[in-house]
Amino acid sequence: MRAISLNKNYQFQRLYRKKAVGVSPVLVTYAAKNRLGIHRVGITTTKKIGKAHQRNRARRIIREAWRLTEHRVQPGYDFVFVARGRTTLCSMQEVHRAMQKHLAPYFIKP
RNA sequence: CGAGUAAGCUGAACAACGGCGGGCGCAGUGCCGCAAGGCCGCGUCUGAGGAAAGUCCGGGCUUCAUAGGGCAGGAUAGCUGCUAACGGCAGCCGAAGGCGACUUUAGGGAAAGUGCAACAGAGAUAUACCGCCGGCCUUAGGCCGGUAAGGGUGGAAAGGCGAGGUAAGAGCUCACCGGCACGGCGGCGACGCCGUGGCCCUGCAAACCCUAUCUGAAGCAACACCUCAUAAGGGGGCAUUAUGCGGCUGCCCGCCGCGUCCCCGGGUUGGUGGCAGGAGCGCAACUGGCAACAGGGCGCCAAGAUAGAUCGUUGUUCUCGACAGAACCCGGCUUACAGGCUUAGUCGCAUU
RNA sequence: GGAGAAGUACUCAAGUUGGUGACGAGGCGCCCCUGCUAAGGGCGUAGGUCGGGUAACCGGCGCGAGGGUUCGAGUCCCUCCUUCUCCG
């Protein structure tokens with residue numbers, strides 16, 4: 001299934017006000033419950049990371065990691081992933097591992 | 001073989017599985033909707049660059065009056081051509097550099113006018129400090145006059161250099177060179193060559209300026225349409241129907257509209273078009289032209305997103321992969337860039 | 001995506017018909033005042049880098065970076081870099 005993406009600034013601000021649920025050198029994750037019963041995901045790549053090419057690279061890596069993780073996460077939450085400087089240099093597996101760690105409390109219980 | 005010059009091309013490839021944007025088709029008639037239609041599924045085609053970048057120029061397109069008049073402002077600056085246009089490109093001219101192939105060049109006007117040239121120096125657009133020469137007074141020396149050859153200062157000192165000439169000197173005279181003016185010849189032209197003349201004219205216009213040419217402004221967050229709205233209310237300033245205010249435009253004219261501006265308050269920040277068949281791309285042994293380019297022929301349609309699509313894993317190969325991501329579209333310029341390839345000249349050495 | 005503005009020492013900053021040696025303030029160092037500190041007062045360094053000198057000191061380069069015009073650029077022109085602001 002396709003995830004609805006967050007695009008409005010106030011939607012991002014709602015998550016930024018909370019504490020990050022996971023922090024690592026390659027990824028920062030924010031999470032909040034919504035009442036829609038579906039996933040909504042936003043990706044932030046700031047200008048600090050680099051030019052357009054580096055930011056596109058970081059977005060693709062994060063999006064691929066989310067694609068492999070999505071089926072294990074309980075629906076009904078908003079997530080925001082923030083790329084950091086090292087995200088453009090590392091491999092997808094590193095980001096994938098960091099994301100699994102950050103989202104472990106939200107996994108579907110067996 | 002070595003060194004060096006110029007121009008151009010390219011910008012890792014392949015396979016499997018999974019994933020993403022767009023177009024087209026099919027299907028269940030599964031879900032939503034009154035409907036148009038949308039979502040889900042399958043198949044198929046297609047999917048970033050030479051700079052997509054910087055936003056430095058030019059144009060298309062759109063709105064503002066139908067884009068109008070004048071001033072101010074801005075831009076360009078050898079000539080001829082090319083182009084939709086340009087500050088771009090091509091060829092040529094002049095100047096500078098290089099043994100050479102070749103490269104670089106904002107390169108109009110300083111006798112239209114104004115301004116600036118600090119410090120140093122006697123003097124900076126006009127000059128006599130030292131010196132040289134002559135005359136007078138005459139002890140050293142002083143005074144008057146002539147002189148720009150020599151010294152010194154400076155980025156720049158009154159064309160350069162040699163000879164004649166002179167009291168000493170000086171384009172004062174002469175030869176050559178340089179600059180200027182006039183005439184002739186060649187060239188579409190910039191300009192070049194030749195002849196004659198006299199020697200009054202420093203530099204800076206990327207200082208003001210003059211001359212010639214061009215120039216209305218804003219920009220796809222433009223703009224058009226649909227929907228919801230921009231409300232109601234409160235406070236304050238200006239104005240009292242135009243000699244006012246707002247818009248087109250920095251100012252004046254002209255035109256259009258009419259109460260207007262600020263704060264509080266509360267609300268909206270959705271959708272569709274614009275949007276990709278265009279000054280389009282590719283090919284060649286076509287025609288004209290030195291070339292830029294123009295004309296014709298054949299073939300092709302090739303991203304169109306809207307938080308923004310090209311990726312992940314595995315395997316193989318090589319030269320081990322740089323700079324880097326379309327956002328309305330084109331033509332240039334500039335800047336960044338691992339490597340690889342091609343073509344055409346030049347110089348040196350060796351051999352024939 | 002588009003339209004603009006700025007950059008001068010550690011910080012805030014002045015610098016116009018282009019002219020010597022780049023004002024100033026905070027800061028910093030030393031001294032005085034105090035039992036000690038803060039505040040206050042006085043003096044000083046100007047800061048960086050390269051070269052020379054035992055030292056005092058002298059010279060060159062430096063105004064975001066690189067070129068150009070000029071005898072001479074913080075200033076004028078061109079190209080880049082960085083930061084900030086605005087855009088129903």
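Lettering of chains follows the sequences in order, A, B, ..., and the numbering in each one begins at 1. These figures come from a predicted structure and were not determined experimentally.
- Under the Watson-Crick or G-U wobble criterion, with both distances below 3.5 Å, C/C30 is paired with C/G42.
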Could you run down the sub-3.5 Å N/O contacts of the protein with nucleotides 17-19 of chain B?
unit_1	atom_1	unit_2	atom_2	d
B/G18	O2'	A/R67	NH1	3.3
B/G19	O4'	A/R67	NH1	3.3

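- In this structure, A/R63 atom CZ and B/G325 atom C1' are separated by 13 Å, rounded to whole Å.
- Both A/I43 and A/Y77 belong to a single network of hydrophobic side chains, linked directly or stepwise wherever heavy atoms of I, L, V, M, F, W or Y lie under 4.5 Å apart.
- Side-chain atoms of A/M99 and A/T29, non-hydrogen and from C-beta on, never get closer than 4.5 Å to each other.
- In this entry the base of B/G152 is anti relative to its sugar, with a glycosidic angle more than 90° from 0.
- Nucleotide B/A140 has no partner under the Watson-Crick or G-U criteria, as no pair reaches both atom distances under 3.5 Å.
- For the side-chain hydrogen bond (donor to acceptor under 3.5 Å, both in side chains) test, residues two or more places apart in sequence or in another chain that qualify with A/R72 are A/Q100.
- For B/C193, the paired base is B/G184 (Watson-Crick or G-U wobble, both distances below 3.5 Å).
- Ion pair A/E94/A/R97 not flagged as a salt bridge, since none of the NZ, NE, NH1 or NH2 atoms sits closer than 4.0 Å to an Asp/Glu carboxylate oxygen.
- Relative ring orientation between A/Y106 and A/F79 is described as perpendicular, the plane-to-plane angle rising above 60° on a 0-90° scale split at 30° and 60°.
- Nucleotide B/A279 forms a pair with no other nucleotide shown, judged by Watson-Crick or G-U wobble geometry with both contacts under 3.5 Å.
- Looking at heavy atoms from C-beta onward, A/F107 lies in side-chain contact with A/V73 at the 4.5 angstrom threshold.
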Ignoring hydrogens and angles, write down the donor-acceptor pairs under 3.5 Å from the side chains of residues 56-63 of chain A, residues two or more places apart or on other chains.
unit_1	atom_1	unit_2	atom_2	d
A/N56	OD1	A/R59	NH2	2.6
A/R59	NH1	A/T45	OG1	3.1

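- For the P atom pair drawn from B/A95 and B/G192, the interatomic distance equals 7 Å after rounding to whole Å.
- Side chain of A/E70 to backbone of A/R67: no donor-acceptor contact under 3.5 angstrom is found.
- Between the C1' atoms of C/U83 and C/G64, the separation comes to 11 Å (whole Å).
- The side chain of A/Q93 contributes no N or O atom lying less than 4.0 Å from OP1 or OP2 of B/G312.
- Comparing C/C87 with B/C223, their P atoms are spaced 15 Å from each other, to the whole Å.
- Comparing B/C199 with B/G179, their C1' atoms are spaced 10 Å from each other, to the whole Å.
- The base-pairing partner of B/U241, taking Watson-Crick or G-U wobble contacts with both distances under 3.5 Å, does not exist among the strands shown.
- A straight line from CZ of A/R97 to P of B/U313 spans 12 Å, rounded to a whole angstrom.
- The glycosidic torsion of B/A336 lies more than 90° away from 0, which places this base in the anti conformation.
- Remark: the separation of the C1' atoms in B/A124 and B/C201 is 16 Å, to the nearest Å.
- Taking atom P on both nucleotides, B/A85 is separated from B/C293 by 15 Å, rounded to a whole Å.
- Classification of C/G15 as anti follows from a glycosidic angle more than 90° from 0.
- In the region residues 49-58 of chain A, proximity to RNA chain B at under 4.0 angstrom, judged on heavy atoms, holds for A/K51, A/A52, A/H53, A/N56, A/R57.
- Atom CD1 in A/I62 sits roughly 13 Å away from atom C1' in B/A307 (whole-Å rounding).
- A/R59 has its CZ atom 14 Å from the P atom of B/U306, to the nearest Å.
- Between B/A72 and B/C258, the two P atoms lie 36 Å apart (nearest whole Å).
- The partner of B/C255 is B/G247, by the rule that a Watson-Crick or G-U pair needs both atom distances under 3.5 Å.
- With a glycosidic angle more than 90° from 0, C/G64 adopts the anti conformation.
- Residue A/I43 contributes atom CD1, which lies 16 Å from atom C1' of B/U306 at whole-angstrom precision.
- Rounded to an integer number of Å, the gap from CD1 of A/I61 to P of B/U310 is 12 Å.
- Residues meeting the side-chain hydrogen bond (donor to acceptor under 3.5 Å, both in side chains) test with A/Q74, sequence neighbours left out: none.
- When the C1' atom is used for both B/G141 and B/G164, the distance is 38 Å, rounded to whole Å.
- Applying the Watson-Crick and G-U wobble criteria (two distances, each under 3.5 Å), B/C79 pairs with B/G91.
- With sequence neighbours excluded, the residues satisfying ring-ring contact (aromatic ring centres under 6.0 Å, His included) with A/Y30 are A/Y16.
- Contact of the A/L103 side chain with the A/T69 side chain is registered, since non-hydrogen atoms from C-beta on lie closer than 4.5 Å.
- Both distances falling under 3.5 Å, in either a Watson-Crick or a G-U wobble arrangement, place C/G1 opposite C/C87.
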